[in-house]
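First the structure, in the form of structure tokens, and then the observations on it.
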Amino acid sequence: MAERWPAVRRGERAGGALVAYRALLGAQARAQTTYRASFVVDLTGNVGATVFDVLAVVVLYGVTRELGGFTLRETLVVVGLSATAFALADLLFGNVERLPVYVRSGLFDAVLLRPLGALPQLLLMDLPLRKASRAVVGVAVLVAAVTSAGIDWTPGRVVLVVLAPLAGTVFFGSIFVATATLTFYWTESGELANSVTYGGRDFTSYPVTVFEGWFRAAFAYGLGFAFVSYHPALALLGRADPLGLPAWVGWVSPAVALVAAGVAALLWRAGVRHYRSTGS
């Protein structure tokens, strides 16, 4: 019986942490929806961010039939996967971009003093619920794209069309966290971080065949953005990769996302250990 007590205490602590996180999330939801008209306006306004990404692609096809060897319907599958993944990641992880503000103001010191994980606290402290509309639009674009693309549906592709956006969410979330850790070494790193996160979003909105040379190699495979939307789209469409990679590459996005999450976790832990407080 005595041997069970440590496990019981760990379970109690985990339960207490969940209650605390739920309370923090509930407080944020109540605070953001207190002024309902303002919240609805913000919710509606955030739709534009995803809509404009889609329109930018459609406009390009107004002057060409193919882009990087892909038709509009095929490219919209890429766009739908990218838009859904990024919108969900921005909703769930995007708040970590405020880390420079928390570090400069000393608020991060208070976060570390609480008996809760630092990263979950940061993600829930100002969760941008208004961005939920972007995720809804992203899912709508993806559904419309895969419906009109003439995909030969198999059980594997049904699973992939669900898993790929979720894997992309984890991947983009990992990028948000990994780039935010630069703040622990350089508090003015925001623009550099944005060039990777938002630059990655723009990169994944197009077939990688649109890009060339070192830029494609760096973003597509060096950073792994090709596995967010391009390769899963090829697998869904049943297309061979124009760049010559084997067909199975289109099915490995969940594994790539897990690797990215592991790297982000290691970078976060190293950054927190490096942090030396503001002294305020």
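Positions are given from 1 along the sequence. If you're wondering where the values come from, they're calculated on a predicted model, not measured in any experiment.
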Handout entry: Hydrophobic cluster identity match, Val158 and Val143, side-chain contacts under 4.5 Å
Key = no

Exercise for the section: Treating Ile, Leu, Val, Met, Phe, Trp and Tyr as nodes and any side-chain heavy-atom pair under 4.5 angstrom as an edge, say whether Tyr206 and Trp214 lie in one connected cluster. Expected result: yes

Practice task
Check the hydrophobic clustering (I, L, V, M, F, W, Y; side-chain heavy atoms under 4.5 Å; chains of links allowed) and say if Trp153 and Leu237 are grouped together.
Solution key: yes

Problem - Distance (rounded to the nearest 0.5 Å) between Ser229 OG and Arg201 CZ - result: 12.5 Å

Problem - Distance, nearest 0.5 Å, that separates CG of Leu236 from CZ of Arg239 - result: 13.0 Å

Handout entry: Working for side-chain contact (heavy atoms from CB on, under 4.5 Å), residues Val77 and Glu74
Key = CA-CA 5 Å; Val77 176; Glu74 292 171 335; 5.8 Å; no

Handout entry: Side chains of Arg98 and Tyr102, donor plus acceptor under 3.5 Å
Key = yes

Practice task
Would you name the heavy atoms of Val252 and Val249 that are closest together and state the gap between them?
Solution key: CG2-O, 3.1 Å

Completion exercise
Nearest heavy-atom approach of Thr197 to Ile175 is CG2-CG2, 3.5 Å

Exercise for the section: Report whether Phe172 and Leu223 are members of the same hydrophobic cluster (ILVMFWY, side-chain heavy atoms less than 4.5 Å apart, transitive linking). Expected result: yes

Exercise for the section: Please check if the side chain of Gln121 supplies one atom and the backbone of Val111 the other of a donor-acceptor pair under 3.5 Å. Expected result: yes

Problem - side-chain hydrogen bond (donor to acceptor under 3.5 Å, both in side chains) partners for Tyr198, two or more places apart - result: Glu97

Handout entry: Exercise: do Ser82 and Thr204 side chains pair donor with acceptor under 3.5 Å
Key = yes

Practice task
Taking the side chain as every heavy atom from C-beta outward, state whether Leu76 and Val146 have any pair of such atoms under 4.5 Å apart.
Solution key: no

Exercise for the section: Check whether any side-chain heavy atom of Phe176 sits under 4.5 Å from a side-chain heavy atom of Phe86, and report yes or no. Expected result: yes

Exercise for the section: Would you check, one step at a time, whether the test side-chain contact (heavy atoms from CB on, under 4.5 Å) holds for Leu119 with Val177? Expected result: CA-CA 9 Å; Leu119 183 57; Val177 173; 4.3 Å; yes

Fill in the blank from the handout: Residues Ala89 and Gly173: closest non-hydrogen pair is CB-N, 3.7 Å

Practice task
Could you check if a side-chain atom of Phe70 sits within less than 4.5 angstrom of a side-chain atom of Pro242, using non-hydrogen atoms only?
Solution key: yes

Exercise for the section: Supply the atom-to-atom distance Phe171 CZ to Leu166 CG, rounded to the nearest 0.5 angstrom. Expected result: 15.0 Å

Problem - Distance-minimising heavy-atom pair for Ser253 and Ala164 - result: OG-CA, 4.2 Å

Handout entry: Within-4.5 Å side-chain heavy-atom neighbours: Leu245 and His231
Key = yes

Problem - Leu243 vs Arg216 side-chain heavy atoms within contact, under 4.5 Å - result: yes

Handout entry: Donor-acceptor under 3.5 Å (His274 side chain, Phe184 main chain)
Key = yes

Practice task
Spell out, as yes or no, whether a donor-acceptor pair under 3.5 Å connects the side chain of Thr84 to the backbone of Gly138.
Solution key: yes

Problem - Backbone of Asp152 reached by a side-chain donor or acceptor of Arg157 within 3.5 Å - result: yes

Handout entry: For Val228 against Leu81, the heavy-atom pair lying closest together
Key = O-CB, 4.3 Å

Practice task
Measure the shortest side-chain to side-chain distance between Asp90 and Arg134 over non-hydrogen atoms and say whether it is less than 4.5 angstrom.
Solution key: yes

Handout entry: Exercise: identify the closest heavy-atom pair between Ala149 and Arg73
Key = CB-O, 4.3 Å

Problem - Worked check of side-chain hydrogen bond (donor to acceptor under 3.5 Å, both in side chains) between Thr75 and Tyr61 - result: CA-CA 10 Å; Thr75 302; Tyr61 277 94; 2.5 Å; yes

Problem - Intermediate values then yes/no, side-chain contact (heavy atoms from CB on, under 4.5 Å), Leu99 and Thr181 - result: CA-CA 8 Å; Leu99 183 60; Thr181 60; over 6 Å; no

Problem - In one Ile/Leu/Val/Met/Phe/Trp/Tyr side-chain cluster, 4.5 Å: Tyr185, Leu122 - result: yes

Handout entry: Within 6.0 angstrom of Arg269 CZ, more than 12 heavy atoms from elsewhere
Key = no

Exercise for the section: Check whether any side-chain N or O of Thr64 sits under 3.5 Å from a backbone N or O of Leu67 as a donor-acceptor pair, and report yes or no. Expected result: no

Handout entry: CA sep, side-chain torsions, deciding dist, call: Tyr275, Phe108, ring-ring contact (aromatic ring centres under 6.0 Å, His included)
Key = CA-CA 10 Å; Tyr275 179 67; Phe108 190 66; 5.1 Å; yes

Exercise for the section: Taking the side chain as every heavy atom from C-beta outward, state whether Pro165 and Leu142 have any pair of such atoms under 4.5 Å apart. Expected result: yes

Exercise for the section: Quickly, which of Tyr230, Phe203, Phe225 forms a ring pair (Phe, Tyr, Trp, His ring centres under 6.0 Å) with Phe211? Name it, please. Expected result: Phe203

